[in-house]
There are 2 protein chains.
Amino acid sequence: MAGVRARQKEKTRRALIDAALNQLSAEISFSSLSLREVAREAQIAPTSFYRHFQNMEELGLTLVDEGGLALRQLLRQSRQRIDSGGSIIRVSLETFMYFVTNHGSVFRLLLQERSGTSREFRDAVAREIDHFKSELADYLVAERELPRLIAELQADAVVRVVFSAGADALDLDATQCNLLMEQTIVQVRMIVRGAATFMDDIQTLPASVHIPAKPDHSS
Amino acid sequence: MAGVRARQKEKTRRALIDAALNQLSAEISFSSLSLREVAREAQIAPTSFYRHFQNMEELGLTLVDEGGLALRQLLRQSRQRIDSGGSIIRVSLETFMYFVTNHGSVFRLLLQERSGTSREFRDAVAREIDHFKSELADYLVAERELPRLIAELQADAVVRVVFSAGADALDLDATQCNLLMEQTIVQVRMIVRGAATFMDDIQTLPASVHIPAKPDHSS
DNA sequence: ACATTGAGCTTACACATGTAAGCCGAAATT
DNA sequence: AATTTCGGCTTACATGTGTAAGCTCAATGT
């Protein structure tokens with residue numbers, strides 16, 4: 001029941017995933033990756049690739065799921081550390097920027113496929129981002145006692161600004177990156193304060209736009 | 001002096017540009033475009049392409065410049081129409097969304113190359129976006145009498161949110177797109193109001209991050 | 001009127017890609 | 001012990017790519 005065979009299969013599957021991740025860089029996007037090169041780096045014959053994924057797209061979707069999950073876990077984790085005092089905004093942004101600079105390939109993947117040419121990819125990334133938004137909105141409702149509607153608009157705006165800043169951070173050195181982070185922190189605070197001023201005219205707010213629900217393979 | 005020859009050259013140069021624009025779609029990105037196919041659609045031999053552009057990258061940069069310019073002109077134009085009353089935020093966002101839905105290929109190009117694999121491309125798009133920011137910031141300083149620092153932070157945040165919303169709009173139908181626009185309008189107002197609350201603590205604000213200056217071929 | 005220029009062409013090459021067909025041999029199942 | 005399963009291999013093919021070399025011939029410059 002040990003599954004010598006299954007274990008080996010899982011192993012080369014990971015090899016493929018890691019090979020893909022490895023080849024991703026500032027100069028090489030996922031869409032410019034070739035099945036043959038990935039297979040080569042994973043030390044298997046090109047045609048053996050198909051024993052694990054139907055095509056490159058399926059591999060890519062796996063990467064998106066794993067990447068999104070990793071970032072979300074990191075953020076969730078750092079949000080818990082906050083309960084013992086400290087600014088959530090600052091800590092969350094530090095965590096986020098850490099991810100961007102230390103896992104650039106993954107973040108770049110998310111960014112690129114979010115506006116990429118495959119509907120499946122875009123939806124997959126949209127789902128990941130929606131998770132961030134939801135978790136943040138839930139937090140705002142629970143801890144800050146904001147009305148759901150305002151919390152969601154605010155969370156949406158914050159996520160948009162932060163992701164966009166993350167994109168810029170990819171090309172900056174450490175000092176400029178920190179400056180950008182400080183700037184982003186202020187911008188998030190602007191949104192927070194601004195959102196609070198909408199407590200009075202809730203009834204004028206539009207409902208949130210929801211993305212079409214689709215299967216989700218994450219936790 | 002009429003320049004029969006020069007005129008013809010300009011004509012096929014445009015044919016190349018238009019061919020490229022024509023092939024761009026939700027499913028086909030610029031990076032997946034091939035020199036041969038573009039040449040084919042422009043009705044010239046593949047090798048003749050080089051009479052006009054050194055390579056595809058140069059063509060792409062031209063598209064980015066033209067696209068960014070088009071959007072900026074549209075926005076500038078709509079901002080002037082405002083002087084005769086009306087909400088700038090609303091009108092600007094309507095204009096922006098018009099551009100996104102009616103020139104999707106161009107907007108997609110900007111989005112994709114902003115996080116693409118070519119530094120040149122990223123810088124080119126960054127420059128375009130910087131123009132939007134600057135023009136908006138200038139407006140805020142001149143018409144709303146905001147301190148430069150706050151105006152820039154606010155403009156930056158607004159542009160980030162709006163562009164991000166534009167990205168989402170690409171996959172939405174007309175009604176959802178309108179809903180998204182309404183939502184974005186509120187979010188922009190949040191930022192505006194939030195920024196105003198920072199009038200008191202200007203001295204605590206970080207300086208803006210500036211992108212490395214580079215040549216600029218626009219007006 | 002003659003020489004030069006240059007946009008466009010044809011031909012050709014080397015190369016990388018995705019994937020179909022089918023064999024091999026060890027692990028798993030019966 | 002006999003059979004089936006299946007991850008990995010080799011070989012092979014058709015296709016698309018960027019671009020080098022060099023010709024043609026009408027518009028231009030003198």
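Throughout, a chain's letter reflects where its sequence line sits, starting with A, and its residues are numbered from 1.
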Side-chain donor-acceptor contacts of residues 107-116 of chain B below 3.5 Å, not counting sequence neighbours, with atom names and distances?
unit_1   : atom_1 : unit_2   : atom_2 : d
B/Arg108 : NH1    : B/Ser25  : O      : 3.4
B/Gln112 : NE2    : A/Ser115 : O      : 2.8
B/Arg114 : NH2    : A/Ser164 : OG     : 3.2

Whole angstrom is fine here: how far is it from [atom1] in [X] over to [atom2] in [N]?
{"X": "A/Leu35", "N": "C/dT17", "atom1": "CG", "atom2": "C1'", "answer": "9 Å"}
{"X": "B/Phe49", "N": "C/dG8", "atom1": "CZ", "atom2": "C1'", "answer": "14 Å"}
{"X": "A/Asn55", "N": "C/dA20", "atom1": "CG", "atom2": "P", "answer": "11 Å"}
{"X": "A/Ile28", "N": "C/dA16", "atom1": "CD1", "atom2": "P", "answer": "14 Å"}
{"X": "B/Gln54", "N": "C/dA7", "atom1": "CD", "atom2": "C1'", "answer": "17 Å"}
{"X": "A/Arg7", "N": "D/dC6", "atom1": "CZ", "atom2": "P", "answer": "18 Å"}
{"X": "A/Arg13", "N": "D/dC6", "atom1": "CZ", "atom2": "P", "answer": "17 Å"}
{"X": "A/Leu59", "N": "C/dG18", "atom1": "CG", "atom2": "P", "answer": "12 Å"}

> Ion pair present between B/Asp18 and B/Arg13, side-chain N to carboxylate O less than 4.0 angstrom?
Replying inline: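 No, B/Asp18 and B/Arg13 are not salt-bridged.
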> Salt bridge or not for B/Arg127 and B/Asp123, using N-O below 4.0 Å?
Replying inline: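 Judged by the 4.0 Å cut-off on N to carboxylate O distance, B/Arg127 and B/Asp123 do not form a salt bridge.
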> Going through the distances and angles, do B/Leu136 and B/Val158 end up as a side-chain contact (heavy atoms from CB on, under 4.5 Å)?
Replying inline: CA-CA 9 Å; B/Leu136 178 51; B/Val158 168; 3.9 Å; yes
>> So if I define the base as every atom that isn't primed, P, OP1 or OP2, how would nucleotides 8-16 of chain D read as a B/S/- string at a heavy-atom cutoff under 4.0 Å?
In response: BBB-B----
>> What I want to check is whether the side chains of A/Ser208 and A/Glu152 have a donor and an acceptor closer together than 3.5 Å.
In response: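 A/Ser208 vs A/Glu152: donor-acceptor pair found between side chains.
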>> Using a 4.0 Å heavy-atom cut-off, does A/Arg40 contact any base of the nucleic acid, only the sugar-phosphate backbone, or nothing at all?
In response: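 Answer is sugar-phosphate: A/Arg40 comes under 4.0 Å of backbone atoms only.
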>> What I want to check is whether an N or O donor and acceptor connect the side chain of A/Arg5 with the base of D/dG7 at under 3.5 Å.
In response: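 Check fails, no donor-acceptor contact within cut-off.
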Would you be so kind as to tabulate the donor-acceptor pairs closer than 3.5 Å made by side chains of residues 88-95 of chain B, with sequence neighbours excluded?
unit_1  : atom_1 : unit_2   : atom_2 : d
B/Arg90 : NH2    : B/Glu182 : OE1    : 2.7
B/Arg90 : NH2    : B/Glu182 : OE2    : 2.5
B/Ser92 : OG     : B/Ile88  : O      : 2.8
B/Thr95 : OG1    : B/Ser78  : OG     : 3.3
B/Thr95 : OG1    : B/Val91  : O      : 2.8

